[in-house]
2 protein chains.
Amino acid sequence: MFRLNRLVDYGVVLMSHIAAHTDRRFSAPGLASDLGLPVPVVSKVLKGLVHRGLLTSYRGAKGGYRLGREADAITVADIISAIDGPIALTHCIEDSDGTCGIESLCPQRGNWQIINHAVRNALADIRLSDLTAPLPPFFEPPLSKGGKDVTPL
Amino acid sequence: MFRLNRLVDYGVVLMSHIAAHTDRRFSAPGLASDLGLPVPVVSKVLKGLVHRGLLTSYRGAKGGYRLGREADAITVADIISAIDGPIALTHCIEDSDGTCGIESLCPQRGNWQIINHAVRNALADIRLSDLTAPLPPFFEPPLSKGGKDVTPL
DNA sequence: GCAAATCCGTACTAATTAAGTCCACTTTAA
DNA sequence: TTAAAGTGGACTTAATTAGTACGGATTTGC
């Protein structure tokens, strides 16, 4: 179906949620309950985002995550490639192990680069700050009652 | 890896090959041997392309395939969606079976539409006539044992 | 009219990839 | 010191994709 995989889907949702409250730290369990997803899954996604610097993590009790840089300096392409690896629509672009013997002669290579660039550029043009829809108020954790999810900074 | 599936890869290669010789009909077995792919696989891909009118098929002996319309009236988005189904990067756009209980309230929907549109537009801007690299005469297709990528590095 | 070449549709199996889980470890606040 | 967090890697299961098979329909040319 030519679609992003689910983890990327989660990633975008998580990032836009976190971006909506830059003054807070969000814990993995808290985010998981916000989104109704299993903790290990959320954790896995966050892991990738941290690794690429899109999120900063804080360990220990009251630890959690916040944006690694400004929301307008993070693009959708960044998020996708953090979780999913490089955005390469076809097999031959990404791996350089030389499985294909005819390399430089390859007549299709140019074609795929045209296509790859078009898509990459499209995704690199969308910033996190353009994705303006956070989870609405009624999805937010019950802060007043023990603040189980979101740790205020 | 956020990539097109292999059949789409084949499809683009097939289409650009066929587009390079608009005066010929190409049979499925002929194309398969040009690309070094199994006939049933090529056949499957061509099927989808015919179904969407990107190719016209001719049955019977001396039958085969040719472009269904001018190369500059066929876009990469057309090819992808013919083989792979609609270009919908995330799950919640395409199926309307209501698995997602919050549908119209869904705060992420708008975000995904931004992203989907960007990618769709990028792909719809690339025409088959822009993909100018046919298989050159000296191209010797690698002998395929099934899962080989058509597009070499 | 028949045989050969070709496309058509569907169902099936195998292979690959993605999704999700688990666990032992480290870090930090109280 | 203990509990609440993140980290990293290995693992299992689920889902999807790739590829195969086959019976049928259509056209050409002899």
Side-chain angles (χ1 to χ4, degrees), chain A residues 1-11 14 18 24-33 35-52 55-66 68 80 83-85 90-91 94-95 146-153, chain B residues 1-11 14 18 24-33 35-52 55-66 68 80 83-85 90-91 94-95 99 144-150:
Chain A
M1 283 282 177
F2 182 50
R3 59 160 75 130
L4 295 169
N5 65 37
R6 212 176 307 199
L7 297 187
V8 169
D9 187 341
Y10 302 159
L14 284 166
I18 293 170
R24 291 188 197 161
R25 282 186 195 165
F26 293 85
S27 72
L31 290 165
S33 100
L35 302 182
L37 292 172
V39 178
V41 172
V42 169
S43 222
K44 186 183 208 174
V45 173
L46 294 171
K47 220 179 289 184
L49 294 166
V50 168
H51 212 249
R52 289 292 198 92
L55 292 176
T56 302
S57 64
Y58 301 90
R59 289 182 157 206
K62 305 236 168 165
Y65 301 88
R66 44 193 327 198
I80 293 172
I83 297 170
D84 228 22
T90 193
H91 303 240
E94 79 218 10
D95 63 312
K148 64 164 171 134
D149 300 302
V150 176
T151 308
L153 194 55
Chain B
M1 282 282 177
F2 182 50
R3 62 159 72 131
L4 297 169
N5 64 38
R6 212 175 322 205
L7 297 186
V8 170
D9 187 343
Y10 302 159
L14 285 166
I18 293 171
R24 284 182 51 193
R25 279 186 195 167
F26 292 85
S27 72
L31 290 166
S33 97
L35 301 181
L37 293 172
V39 178
V41 172
V42 169
S43 224
K44 188 183 206 173
V45 173
L46 293 170
K47 207 184 300 179
L49 295 167
V50 168
H51 211 249
R52 289 294 198 92
L55 292 176
T56 303
S57 63
Y58 302 89
R59 289 183 158 202
K62 305 231 167 165
Y65 300 88
R66 47 198 324 194
I80 293 171
I83 298 171
D84 230 22
T90 193
H91 301 239
E94 80 219 10
D95 64 312
T99 340
S144 162
K145 328 169 182 68
K148 184 139 187 119
D149 293 345
V150 159

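All values reported here derive from a predicted model rather than from experimental measurement. The chains referred to below are lettered A, B, ... by the order of the sequence lines, with proteins before strands, and numbering in each begins at 1. As a basis for the values below, the full set of heavy atoms in this structure was taken, side chains included, without hydrogen atoms, waters or symmetry mates.
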task: Would you kindly compare B/Arg25 and B/Pro40 by the position of their nearest DNA chain D nucleotide and give the one closer to the 5′ end?
output: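 Whichever sits nearer the 5' end wins; that is B/Pro40.
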- request: By nearest nucleotide on DNA chain D, pick out whichever of A/Lys44 and A/Val50 is the more 5' one.
  value: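 Mapping each residue to its closest nucleotide by heavy atoms, the 5'-most match is A/Val50.
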Can you give me the N/O atom pairs linking the protein to nucleotides 2-4 of chain D at distances under 3.5 Å, or say none if there are none?
| from | atom 1 | to | atom 2 | distance (Å) |
| --- | --- | --- | --- | --- |
| D/dA4 | N3 | A/Ala61 | N | 3.3 |

- prompt: Base, sugar-phosphate, or nothing for B/Leu7, non-hydrogen atoms under 4.0 angstrom?
  reply: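 Sugar-phosphate, no base atom in range.
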- prompt: What does A/Pro38 touch in the nucleic acid at a heavy-atom separation under 4.0 angstrom: a base, only the sugar-phosphate, or nothing?
  reply: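 Sugar-phosphate contact only - A/Pro38 comes under 4.0 Å of backbone atoms but never of a base.
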Beyond-backbone contact of A/Leu31 with A/Leu37, side-chain heavy atoms, under 4.5 angstrom: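 A side-chain contact under 4.5 Å is absent here.
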- prompt: Start at the 5' end of DNA chain C and walk down; is the nucleotide closest to A/Val41 or to B/Tyr58 reached first?
  reply: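 Its nearest nucleotide being more 5', the pick is B/Tyr58.
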message: Return whichever of A/Lys47 or B/Lys47 has its heavy-atom-nearest nucleotide of DNA chain C closer to the 5' end.
response: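 Looking at the nearest nucleotide for each, B/Lys47 comes out on the 5' side.
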Considering just the side-chain nitrogens and oxygens of [X], establish if one lies under 4.0 Å of OP1 or OP2 belonging to [N].
| X | N | result |
| --- | --- | --- |
| B/Asn5 | D/dT16 | no |
| B/Tyr10 | D/dG19 | yes |
| A/Ser57 | D/dT7 | yes |

field: A/Asp9, A/Leu46, A/Leu14, A/Leu49 screened by side-chain contact (heavy atoms from CB on, under 4.5 Å) with A/Ile83, the one that passes
entry: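 Of the listed options, the one satisfying the test is A/Leu49.
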- request: To the nearest 0.5 Å, tell me how far B/Arg24 CZ sits from B/Ile18 CD1.
  value: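 These two atoms lie 10.0 Å from each other.
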field: Atom pair OG1 (A/Thr56) and CZ (A/Arg25), whose distance is rounded to the nearest 0.5 Å
entry: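 The CZ atom of A/Arg25 is 10.0 Å from OG1 of A/Thr56, to the nearest 0.5 Å.
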- prompt: When you look at B/Tyr10 and B/Leu35, which way does the side-chain contact (heavy atoms from CB on, under 4.5 Å) test go after all the steps?
  reply: CA-CA 9 Å; B/Tyr10 302 159; B/Leu35 301 181; 5.7 Å; no
- prompt: With respect to the side chain of B/Tyr65, which nucleotide from C/dC7, D/dG19, D/dT7 is positioned closest?
  reply: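 Selected nucleotide (nearest to the side chain): C/dC7.
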